[in-house]
2 protein chains.
Amino acid sequence: MALEHAILVSLLEKPASGYELARRFDRSIGYFWTATHQQIYRVLKRMEDDGWVDARDVPQQGRPDKKEYSVADLGRAALSSWLHDPIEPESVRHDLAVKIRGAAFDDPTALIREVERHRQAHRDRLAHYLAGQARDFTGPKAPTAGAQAPLDAERELQHAVLRGGIAYERMMIDWLDDVLATLARFGPGR
Amino acid sequence: MALEHAILVSLLEKPASGYELARRFDRSIGYFWTATHQQIYRVLKRMEDDGWVDARDVPQQGRPDKKEYSVADLGRAALSSWLHDPIEPESVRHDLAVKIRGAAFDDPTALIREVERHRQAHRDRLAHYLAGQARDFTGPKAPTAGAQAPLDAERELQHAVLRGGIAYERMMIDWLDDVLATLARFGPGR
DNA sequence: GGCGTCATGTAACACGTTACATGATTAG
DNA sequence: CTAATCATGTAACGTGTTACATGACGCC
């Protein structure tokens, strides 16, 4: 399981409250890991109990106070040990692929609109990733001066992961084009 | 949830026992959906209770008897209704991407071997898919004569899904090459 | 005699999703 | 005054994983 570890990475990049983490999981971290706020609060509580993270109450003006979490030594050690532990390459789970094979036993052309919807969603995500790349990973190499080496690793690796997301979305768009061409061959009316 | 529906598709392609289904989920269906035998037995039981599948005892020689399941009318209807129900495009979950971002807070070069292992696994899968494609989707269009139109749809759509798997593995291999090049930039010794 | 395959299951637990709940502040 | 955002949580349920269990047959 990696939600704990995804949270640790995110907190190392910048301490945050549960709420802020949840929003990050809708954005950058969400490129390759999703989680709802309920899950995050539950896991965060366990991590606090286990001493992986420290909580600090931060009073705010005009807003509810928040509990800001940062990574404790135990958490850093847990992350490090996980990083050194080999994991199995996962296999994908694609509802859409199940549908495509299932369409052979129903009307194949009925799936066309669904596939088009998915292709559009992937186009949107691609555009979003490309905008993020242009915003965060072009121009001057280091956004802050000083302490360059470690910052560079963080940025470079974040960028490498983002390039993976971009490659994934491009592949999906091309494949869905292919699927649409295949479905179209079964003609309107069949 | 789509395990039920993946089972329905698989049983429509060919009736099978729980055990045989479990093995299919290690192979062709497993390209895009995984499930262990425990899950399959549990779901199969529920599907039988709900009248989605019919079970038939098949005595065998030199082997334990098996329960062969086939799709009932209710199951066909359930699949059809699911096919017409739009689903949300899922987001991916990549432990490896978490590790890559996490490596910035540990020794980045320690990840190289892990990434190489994953790249090899994806190369193996790609080779496996390509072999399957050569075996099942080249040469004469229909493997059996007669009843062509529906058989063609089944084959064509299976092939389209397999092409997706191939595209996915190629993308992953390329991306992991990219990641390795990035990790290597942090040099041996830093 | 031991290991691998065929075949089916139970039980406990971990993880993920959905719905519900509360309460303050700010923008329209 | 209504809706959205910030902030944290509980409860119930569904799905997925791991471990354990049984038993027959065939191969070395």
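Quick caveat, the model's predicted, so the values are computed rather than measured. Residue numbers begin at 1 in each chain, while the letters A, B, ... track the order of the sequences.
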Sorted by first residue and then second, give each salt bridge (Lys or Arg N to Asp or Glu O under 4.0 Å) pair with at least one member in residues 20-32 of chain B; sequence neighbours left out.
B:Glu20-B:Lys66
Strictly distance-based, threshold 3.5 Å: is any side-chain N or O of A:Arg163 a donor or acceptor partner for the main-chain N or O of B:Asp178?
no
Sorted by number, residues from residues 77-84 of chain A placing a heavy atom under 4.0 Å from DNA chain D are none
What's the verdict on side-chain hydrogen bond (donor to acceptor under 3.5 Å, both in side chains) for A:Asp54 and A:Ser70, showing C-alpha distance, side-chain angles and the deciding distance?
CA-CA 5 Å; A:Asp54 294 320; A:Ser70 48; 4.9 Å; no
Please examine the side chains of B:Glu4 and B:Arg46, heavy atoms only from C-beta on, and report whether any two atoms are closer than 4.5 Å.
yes
Integer-rounded Å distance: C:dT17 P and B:Glu88 CD:
13 Å
Please enumerate all residues that pass salt bridge (Lys or Arg N to Asp or Glu O under 4.0 Å) together with A:Asp177, with sequence neighbours excluded.
A:Arg119
Following the transitive rule for hydrophobic clusters with a side-chain heavy-atom cut-off under 4.5 Å over Ile, Leu, Val, Met, Phe, Trp and Tyr, establish whether B:Trp33 and B:Tyr19 coincide in one cluster.
no
Between A:Asp95 and B:Ala2, what is the shortest heavy-atom contact and its length?
OD2-CB, 3.2 Å
Given 3.5 Å as the limit, does a donor-acceptor pair link the side chain of B:Thr138 with the main chain of B:Ala134, or not?
yes
Specify the separation, in whole Å, of atom CG of B:Leu44 and atom C1' of C:dT8.
11 Å
Using the ring pair (Phe, Tyr, Trp, His ring centres under 6.0 Å) criterion, which residues pair with B:His84? Sequence neighbours excluded.
none
Output yes when A:Arg117 and A:Glu114 qualify as a salt bridge under the 4.0 Å nitrogen-oxygen rule, no when they do not.
yes
Taking atom C1' of D:dG16 as reference, at what distance in whole Å does atom CD of A:Glu90 sit?
15 Å
Expected output: side-chain A:Arg185 to main-chain A:Leu180 donor-acceptor under 3.5 Å
no
Residue pair A:Leu12, A:Leu79: steps toward the side-chain contact (heavy atoms from CB on, under 4.5 Å) verdict:
CA-CA 10 Å; A:Leu12 280 169; A:Leu79 179 65; 3.5 Å; yes
Would you call the rings of A:Tyr168 and B:Tyr168 parallel, tilted or perpendicular if under 30° counts as parallel and over 60° as perpendicular?
perpendicular
Compute the bend angle of the helix from C:dG1-D:dC28 to C:dG28-D:dC1 from the end axes (five pairs per end), rounded to 10°.
30°
With the threshold set at under 4.0 Å for non-hydrogen atoms, list the residues of residues 93-102 of chain B touching DNA chain D in residue-number order.
none
Taking the side chain as every heavy atom from C-beta outward, state whether A:Glu68 and A:Pro15 have any atom pair closer than 4.5 Å.
yes
Does any residue of residues 17-34 of chain A have a heavy atom under 4.0 Å from DNA chain D, and if so, which ones, in number order?
A:Ser17, A:Gly18, A:Tyr19, A:Arg23
Please state whether the phosphate of D:dT15, meaning OP1 or OP2, lies under 4.0 angstrom from any side-chain nitrogen or oxygen of B:Gln39.
no
Main chain of B:Trp82, side chain of A:Lys99: is a donor-acceptor contact present, judged purely on distance under 3.5 Å?
yes
Closest heavy-atom contact between B:Phe105 and A:Val9?
CE1-O, 4.2 Å
Can you give each donor-acceptor pair under 3.5 Å made by side-chain atoms of residues 120-132 of chain A, sequence neighbours left out, with the distance rounded to 0.1 Å?
from	atom 1	to	atom 2	distance (Å)
A:Gln120	NE2	A:Asp124	OD1	3.0
A:His122	ND1	A:Glu169	OE1	2.5
A:Arg125	NH2	B:Pro89	O	3.4
A:Arg125	NH2	B:Glu90	O	3.3

Using the test ring pair (Phe, Tyr, Trp, His ring centres under 6.0 Å), find all partners of B:His118 that sit at least two apart in sequence or belong to another chain.
none
Do any N or O atoms of the protein come closer than 3.5 Å to N or O atoms of nucleotides 23-28 of chain C, and which pairs are they?
from	atom 1	to	atom 2	distance (Å)
C:dT25	O3'	A:Gly62	O	3.0

Any donor-acceptor pair under 3.5 Å linking the side chain of B:Asp107 with the backbone of B:Thr109?
yes
Short N/O separations, protein against nucleotides 9-14 of chain D, under 3.5 angstrom:
from	atom 1	to	atom 2	distance (Å)
D:dG9	O6	A:His37	NE2	3.2

Starting at atom CD of A:Gln60, determine the distance to atom C1' of D:dC6, rounded to an integer number of angstrom.
8 Å
In numerical order, the residues of residues 50-57 of chain A whose heavy atoms come under 4.0 Å of DNA chain C are none
Go through the steps to decide whether A:Val98 and B:Phe32 satisfy the test side-chain contact (heavy atoms from CB on, under 4.5 Å), and finish with yes or no.
CA-CA 8 Å; A:Val98 178; B:Phe32 53 88; 3.5 Å; yes
